[in-house]
2 protein chains.
Amino acid sequence: MSDKYDSLKLENQLCFPLYSASREITRTYQPFLEKIHLTYTQYITMMVLWEHESMNVKSLGKYLLLDSGTLTPLLKKLEEKDLIVRKRNKEDERNLIIELTDKGRELKEEALSVPQSIIAKLNLSQEEAIFLYKILYKIIQQLQECSNKN
Amino acid sequence: MSDKYDSLKLENQLCFPLYSASREITRTYQPFLEKIHLTYTQYITMMVLWEHESMNVKSLGKYLLLDSGTLTPLLKKLEEKDLIVRKRNKEDERNLIIELTDKGRELKEEALSVPQSIIAKLNLSQEEAIFLYKILYKIIQQLQECSNKN
DNA sequence: AGCAATTAGATTGTATACAATTTAATATAA
DNA sequence: TTATATTAAATTGTATACAATCTAATTGCT
C-alpha cells in the first residue's frame with residue numbers, strides 16, 4: 001500500500017504539524033493577549049525586555065530570531081503604545097537602544113497570568129513538555145548551523 | 001534563584017521554540033522550493049491536491065487549517081502559474097472546485113526530492129521524529145477542541 | 001412560495017515574516 | 001588619512017495569516 005509518492009503526503013510530513021501547531025498556539029494566545037493589547041510577536045518581544053530592560057535591535061533579533069524587517073515596524077508600534085522608547089546609542093549611532101518605559105514595566109504584572117493559561121490549555125504531561133522543548137531547540141540549533149555553513 | 005516572573009522568561013516558554021522551529025524549517029525549505037517556484041504554503045497546498053486531485057476551498061482549508069482569507073489569494077497565484085484551475089461547482093455555485101492541471105500534476109515528480117532533503121537536514125532519530133509527530137498532532141487536536149467549545 | 005438562516009468564498013484591514021536593498025555610521029587597511 | 005569594508009537599522013516588495021465583514025447561493029421553515 002505504499003508508493004513512491006508517500007513522502008509527498010501531507011500526513012507524512014513532520015513540518016506541517018509543526019507549522020500548524022505553532023499557528024494554533026498563537027491563536028490560543030490571542031484572547032489572553034488581547035486583554036493586555038499585545039500581539040503574540042509583541043508579547044515575546046516584551047518578554048525579552050522584561051528580562052533584560054534594555055537592548056539594541058540586533059540583540060533583540062538574536063533572542064527572537066527575527067530581523068530588522070520584522071522588528072522595526074513592531075518596535076515602532078510598541079513605542080506608540082508607550083511601552084518602550086527607541087533611542088540611538090551615543091557611543092555608536094548605528095545602534096538603536098530599546099528601553100522599557102514605566103508603563104512597559106508595569107505590563108509585566110498583567111502578563112503574569114498568561115503563561116499558566118496557555119500551559120493549562122496545552123494539556124501536556126511534564127515529560128511530554130520537556131521532550132518537546134528539547135527537541136525543538138535541537139531542531140532550531142541544527143537548522144541554524146546548516147544555514148550558517150552556506 | 002527563582003522568582004515569580006520566571007514563567008515570563010522566553011527560555012521557559014514552550015511556544016517560542018515551536019514558533020521559531022516552524023519558521024526555521026520554512027526557511028530551510030525555501031532553497032529547495034525555489035527550484036520548483038513554490039512558497040512553503042503553496043507547496044503544502046499542492047501536496048493536498050497531488051493526493052486528492054480535486055477539492056473545494058473549504059475542504060482544502062480543513063486539511064491545511066487555513067481559511068479563505070489565506071487560501072483565496074494563494075490559489076489565484078497557483079492558477080496564474082497554471083498549476084491549478086479554479087471553477088465553480090455546477091451543482092452548488094457556492095463551492096469553488098480546485099483541480100490540478102497537467103503542469104500541476106507534473107510538478108509532483110520534481111517535488112519528490114524535497115522531503116528527503118529536509119529530513120536529512122533535521123537530523124532527528126526515528127524515535128524523536130515519531131514522538132514529535134505524535135505530540136504535535138496531540139497539541140493541534142487539543143487546541144482545536146478548546147476553540148470549538150467557545 | 002417567500003423569507004430567514006446558513007454556507008462558501010471573497011474582500012478588507014492589520015500584523016507579521018523575510019529576502020534584498022539602501023542608508024548612515026564606524027572600523028579598517030593601504 | 002582617505003578610500004574601502006563592515007555593520008546596524010530602515011526600507012521595499014512579496015507572501016502569508018487571520019479576524020471581521022460582505023456577497024451570493026442554497027437550505028429550511030412556515
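Every chain is numbered from 1, with letters handed out A, B, ... down the list of sequences. Just so it is clear, the model here is predicted, and its values are computed rather than measured.
Within the 4.0 Å cut-off from OP1 or OP2 of C/dA17, not a single side-chain nitrogen or oxygen of B/R27 is found. OP1 or OP2 of D/dT16 has not a single side-chain nitrogen or oxygen of A/Y19 nearer than 4.0 Å. Taking side-chain N and O atoms only, A/N95 has a distance below 4.0 Å to OP1 or OP2 of D/dA9. In this structure, A/Q30 does not reach the D/dA17 phosphate: none of its side-chain N or O atoms is under 4.0 Å from OP1 or OP2. For A/R86 and D/dA10, the shortest distance from a side-chain N or O to OP1 or OP2 is below 4.0 Å. One finds a side-chain N or O of A/R88 lying less than 4.0 angstrom from the OP1 or OP2 phosphate oxygen of D/dA10. Contact between the side-chain N/O atoms of A/T72 and the OP1/OP2 oxygens of D/dA9 is not found at any separation under 4.0 Å. Put simply, B/T26 has no side-chain N or O that comes within less than 4.0 Å of OP1 or OP2 on C/dA17. One finds a side-chain N or O of A/N56 lying less than 4.0 angstrom from the OP1 or OP2 phosphate oxygen of D/dA9.
Both A/R94 and B/I97 sit near DNA chain C, but only B/I97 has its closest nucleotide nearer the 5' end. Ranked by how close their nearest DNA chain C nucleotide is to the 5' end, A/T70 and B/P73 are led by B/P73. Each of B/Q42 and A/S59 was matched to the nucleotide of DNA chain D holding its nearest heavy atom; the match closer to the 5' end belongs to A/S59.
Rounded to a whole Å, the NZ atom of B/K90 is 11 Å from the P atom of D/dT26. The distance between atom NZ of A/K77 and atom P of C/dA15, rounded to the nearest whole Å, is 5 Å. When the C1' atom of D/dT12 is taken as reference, atom NZ of A/K76 falls 12 Å away, rounded to whole Å. Atom CG of B/L60 and atom C1' of C/dG9 are 13 Å apart (whole Å). Taking atom CD1 on A/I98 and atom C1' on D/dA10, their separation rounds to 12 Å, with Å as the unit. When the C1' atom of D/dT11 is taken as reference, atom CG of A/L75 falls 15 Å away, rounded to whole Å. Across the protein-nucleic acid pair, B/I25 atom CD1 and C/dA17 atom P stand 16 Å apart, rounded to whole Å. Here C/dT7 presents its P atom at 8 Å from NZ of B/K58, a figure rounded to the nearest Å.
Nearest nucleotide to the side chain of A/T39, out of D/dA9, C/dT16, C/dG9: C/dT16. Proximity note for B/R23 (side chain, C-beta onward) versus C/dA25, D/dA17, C/dA17: the nearest is C/dA17. Comparing D/dA9, D/dC18, C/dA10 by their closest approach to the side chain of B/L66 singles out D/dC18.
Applying the 3.5 Å distance criterion, the base of C/dA10 shares a donor-acceptor pair with the side chain of B/S68.
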Does A/L100 form a side-chain contact (heavy atoms from CB on, under 4.5 Å) with A/S54? I'd like the steps, not just the answer.
CA-CA 7 Å; A/L100 283 176; A/S54 166; over 6 Å; no
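Among the protein residues, B/L71 comes within range of no part of the nucleic acid, since none of its heavy atoms lies under 4.0 Å from any strand. Counting any heavy atom pair closer than 4.0 Å across all strands shown, A/E91 reaches sugar-phosphate atoms only and no base atom.
When the shell of 6.0 Å around OH of B/Y63 is examined, it contains 12 or fewer heavy atoms from other residues, nucleotides or ligands.
Under 3.5 Å, the side chains of B/N89 and B/N95 contain no donor-acceptor pair of N or O atoms. A/E128 and A/S125 share a donor-acceptor pair across their side chains, judged by distance under 3.5 Å alone.
Side-chain contact between A/L65 and A/Q144 is present, with heavy atoms from C-beta onward closer than 4.5 Å.
Looking at B/Y19, B/Y40, B/Y43 one by one, the single match for ring-ring contact (aromatic ring centres under 6.0 Å, His included) with A/Y19 turns out to be B/Y40.
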